There are 2 protein chains.
Amino acid sequence: MDNPLPENENAKGGWKQDPAGVQANILEIATMVFAEHGLSGTRIDEIAARTRTSKRMIYYYFGDKEGLYARVLEAAYAKVREGEASLDLDGLPPTEALSRLVTFTFDHHRAHPDFIRLVMIENVHQADYLQKSDVIRRVNTAAIDRLAAIIRRGEETGDFCHGLDPVALHWKISALSFFNVSNRPTFSALFGTTLFSETAQRRLRDDVAAMVLASVRKTP
Amino acid sequence: MDNPLPENENAKGGWKQDPAGVQANILEIATMVFAEHGLSGTRIDEIAARTRTSKRMIYYYFGDKEGLYARVLEAAYAKVREGEASLDLDGLPPTEALSRLVTFTFDHHRAHPDFIRLVMIENVHQADYLQKSDVIRRVNTAAIDRLAAIIRRGEETGDFCHGLDPVALHWKISALSFFNVSNRPTFSALFGTTLFSETAQRRLRDDVAAMVLASVRKTP
DNA sequence: ATGCAAATGTACTGGCTAGTTAAAAGACTT
DNA sequence: AAGTCTTTTAACTAGCCAGTACATTTGCAT
């Protein structure tokens with residue numbers, strides 16, 4: 001929405017050029033358009049039309065369509081993981097921490113459908129562009145580290161069973177949170193929209209948290 | 001693979017035309033290509049090149065690209081649900097029946113990645129083409145009916161808690177089985193392929209079944 | 001065989017769209 | 001106030017690709 005830049009008061013007086021602002025604007029619009037139509041479905045002309053600048057500028061700053069797509073993907077991952085990092089769970093008892101993490105993830109995915117769609121699209125492309133970006137890989141291991149910390153604490157307190165795999169746990173949380181957004185169109189086309197009302201979603205979310213919790217809890 | 005048609009012995013003698021066979025061949029190839037590249041990413045010329053017939057025939061039988069895509073989607077749903085229908089769970093006790101259903105679904109999704117990819121693609125398109133097909137909707141309610149039957153039996157035996165929603169339960173089973181295939185590219189790009197080895201997948205599958213079972217089981 | 005409709009082959013086109021060319025205008029340096 | 005690098009505009013092009021025109025062949029009915 002707002003760009004993290006020196007004030008651009010191009011309302012009246014002298015200023016007119018604003019490279020960083022233009023780039024940010026392109027990236028923002030491109031994110032929306034790629035998320036809407038996919039890589040091959042997107043027309044650069046549509047992006048250009050919706051930016052405050054021109055097609056020429058897109059090529060000037062981003063090289064080509066794939067370059068722009070790659071940058072969009074990176075920016076999207078960065079933004080989302082940044083949001084997740086704001087969550088501080090270290091103070092909480094492990095059960096509570098995990099429960100919070102799950103509900104947060106569920107809500108967070110729901111709040112960022114464009115990100116989900118980009119990931120879907122990237123999966124259709126066999127993660128070709130993701131693999132090329134080491135930036136993204138680095139950011140994501142942080143998520144696993146956070147989970148591993150919670151698991152360790154849970155083992156120590158005796159709340160969790162031993163030998164839990166943080167990656168597998170992350171997989172479960174992701175699956176239940178991701179599918180909810182990614183497959184909403186087909187799912188509601190087939191089975192109605194009841195499950196996607198606010199109240200049903202809250203119940204579902206709590207249910208999901210309970211499922212994940214049950215899967216790590218020490219059994220008698 | 002094989003076409004469900006009157007024997008076409010076009011090896012030697014008189015015969016040459018084989019409309020149904022040609023259509024089936026087009027549909028089979030188109031399924032693969034659409035699953036690989038998506039709707040807008042697919043080139044009709046590529047489909048044509050990989051069929052035993054020509055581009056002209058595609059338009060002759062399917063009208064246009066979207067028509068072909070719609071038919072591919074319908075055929076894919078029909079084939080998959082048909083496979084599911086082969087599973088007979090009525091004889092089993094409800095807990096066992098549900099457990100089998102989950103492991104079956106998990107394996108079944110894994111065995112049909114092209115179908116999964118088509119559904120992903122359809123979700124990117126907001127289920128536009130799915131909504132137009134009432135064939136597909138009808139086939140899918142059967143899945144819910146089967147689940148509802150299991151739930152009812154489980155409530156009667158006292159194994160399951162009351163008030164379970166079959167649609168929500170189907171959502172959970174689908175989420176855990178679907179994500180495993182749909183997001184495998186990005187997930188393994190980010191976290192490695194360990195989770196997708198045969199042994200890890202078996203463990204994951206059993207874990208998933210246990211999770212679902214735990215979520216329906218009557219609690220003290 | 002002969003008429004007829006269904007099926008198929010060949011060659012084409014027109015519009016769309018990623019990417020470019022050329023040049024001008026802004027801003028910073030001296 | 002000139003020189004120079006960066007940013008921006010506007011018009012252009014080349015090739016790809018969905019879809020078609022037209023001709024031809026095949027199978028069947030009579």
Side-chain angles (χ1 to χ4, degrees), chain A residues 3 5-30 33-34 36-72 121 125 128-129, chain B residues 3 5-30 33-34 36-72 121 125 128-129:
Chain A
N3 49 21
L5 301 165
E7 309 291 336
N8 59 338
E9 312 277 354
N10 55 356
K12 197 196 72 179
W15 281 70
K16 216 173 167 194
Q17 293 184 175
D18 178 17
V22 166
Q23 289 181 59
N25 179 236
I26 292 174
L27 220 47
E28 182 196 336
I29 303 294
V33 181
F34 276 125
E36 195 175 337
H37 301 299
L39 176 49
S40 51
T42 288
R43 304 295 94 137
I44 294 285
D45 287 296
E46 182 184 348
I47 298 178
R50 291 166 65 174
T51 54
R52 72 164 111 105
T53 176
S54 67
K55 176 153 81 159
R56 181 68 185 79
M57 287 292 91
I58 295 173
Y59 286 97
Y60 183 64
Y61 286 122
F62 298 95
D64 61 4
K65 195 183 182 181
E66 299 199 353
L68 177 58
Y69 173 77
R71 290 281 303 276
V72 161
I121 289 160
H125 291 286
D128 281 348
Y129 301 89
Chain B
N3 49 21
L5 299 166
E7 308 292 334
N8 57 338
E9 313 277 353
N10 55 357
K12 196 198 72 178
W15 282 71
K16 216 171 167 196
Q17 291 185 176
D18 178 17
V22 166
Q23 288 180 61
N25 179 237
I26 292 173
L27 219 47
E28 182 198 336
I29 303 295
V33 181
F34 276 126
E36 194 175 339
H37 301 299
L39 176 50
S40 51
T42 287
R43 304 296 95 140
I44 294 286
D45 287 296
E46 184 185 348
I47 298 178
R50 291 166 65 175
T51 55
R52 73 164 111 105
T53 173
S54 67
K55 177 153 84 159
R56 178 69 184 75
M57 285 293 91
I58 295 173
Y59 286 97
Y60 183 64
Y61 286 122
F62 298 94
D64 60 4
K65 195 182 182 181
E66 299 200 353
L68 177 58
Y69 172 77
R71 290 280 304 276
V72 161
I121 289 160
H125 290 286
D128 280 348
Y129 300 89

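Numbers restart at 1 for each chain; the letters A, B, ... are given by sequence-line order, proteins then strands. On a predicted model such as this, the values are computed, not experimentally measured, just so you know.
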Asks: What is the distance from CG of A:D18 to P of C:dC28, rounded to the nearest Å?
Replies: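 It works out to 12 Å between those atoms.
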
Asks: Return the value, rounded to whole Å, for the distance between atom CG of B:L68 and atom P of D:dC17.
Replies: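 That distance rounds to 17 Å.
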
Asks: Please name the pair of heavy atoms, one in A:Y69 and one in A:Y129, separated by the smallest distance, quoted to 0.1 Å.
Replies: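 So the two residues come closest at CE2-CD1, 3.4 Å.
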
Asks: Quick check for you: to the nearest 0.5 Å, what is the distance between A:S54 atom OG and A:D45 atom CG?
Replies: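 A:S54 atom OG to A:D45 atom CG measures 11.0 Å (nearest 0.5 Å).
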
Asks: Taking atom types as they are modelled, is there a donor-acceptor pair under 3.5 Å from the base of C:dT21 to the side chain of A:R56?
Replies: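 Side chain to base: pair present.
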
Asks: Measure the distance from CE on A:M57 to P on C:dG26 and round it to the nearest whole Å.
Replies: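 Computing the A:M57:CE to C:dG26:P distance gives 14 Å.
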
Asks: Check nucleotides 3-6 of chain C against the protein and report each pair of N or O atoms closer than 3.5 Å, with its distance, or say if there are none.
Replies:
none

Asks: Can you list, pair by pair, the side-chain donor-acceptor contacts under 3.5 Å of residues 57-65 of chain A, counting residues two or more places apart and other chains?
Replies:
unit_1	atom_1	unit_2	atom_2	d
A:D64	OD1	A:G67	N	2.9
A:K65	NZ	A:L39	O	3.0
A:K65	NZ	A:T42	O	2.8

Asks: Round to a whole Å and report the spacing from OH of A:Y59 to P of C:dA22.
Replies: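 In whole Å, C:dA22 P and A:Y59 OH are 18 Å from each other.
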
Asks: Measure across A:N25 and A:T53 and return the closest heavy-atom pair with its distance rounded to 0.1 Å.
Replies: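 Distance-wise, the nearest heavy atoms are OD1-N, 4.4 Å.
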
Asks: Drop me the distance from A:I26's CD1 to A:R50's CZ, to the nearest 0.5 angstrom.
Replies: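 One gets 14.0 Å once the value is rounded to the nearest 0.5 Å.
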
Asks: Out of curiosity, B:Q23 CD to B:T51 OG1, how far, rounded to the nearest 0.5 Å?
Replies: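 B:Q23 atom CD to B:T51 atom OG1 measures 12.5 Å (nearest 0.5 Å).
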
Asks: Rounded to the nearest 0.5 Å, what separates atom NE2 in A:H125 from atom CD in A:E66?
Replies: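 The distance works out to 9.0 Å.
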
Asks: Whole Å only: how far is the OH atom of B:Y69 from the C1' atom of D:dA18?
Replies: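 B:Y69 atom OH is separated from D:dA18 atom C1' by 18 Å.
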
Asks: Report the distance from atom CZ of B:F62 to atom P of D:dG19, rounded to the nearest whole Å.
Replies: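 Checked: the CZ to P distance equals 14 Å.
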
Asks: Distances under 3.5 Å between protein N/O atoms and the N/O atoms of nucleotides 13-17 of chain C, please, pair by pair.
Replies:
unit_1	atom_1	unit_2	atom_2	d
C:dT17	OP1	A:R43	NH1	2.9

Asks: Could you grab the distance from atom CZ of B:R43 to atom NZ of B:K55, nearest 0.5 Å is fine?
Replies: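 Going from the CZ atom of B:R43 to the NZ atom of B:K55 covers 11.0 Å.
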
Asks: If you compare all heavy atoms of A:I121 against all heavy atoms of A:G38, which two are closest, and at what distance to 0.1 Å?
Replies: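 Heavy atoms of A:I121 and A:G38 come nearest at CD1-CA, 3.5 Å.
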
Asks: Measure from CG on B:D64 to C1' on D:dA18 and round the result to the nearest Å.
Replies: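 After rounding, the gap between these two atoms is 9 Å.
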
Asks: Could you tell me whether the phosphate oxygens of D:dT9, OP1 or OP2, come under 4.0 Å of any side-chain nitrogen or oxygen in A:S54?
Replies: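 Yes, within the criterion.
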
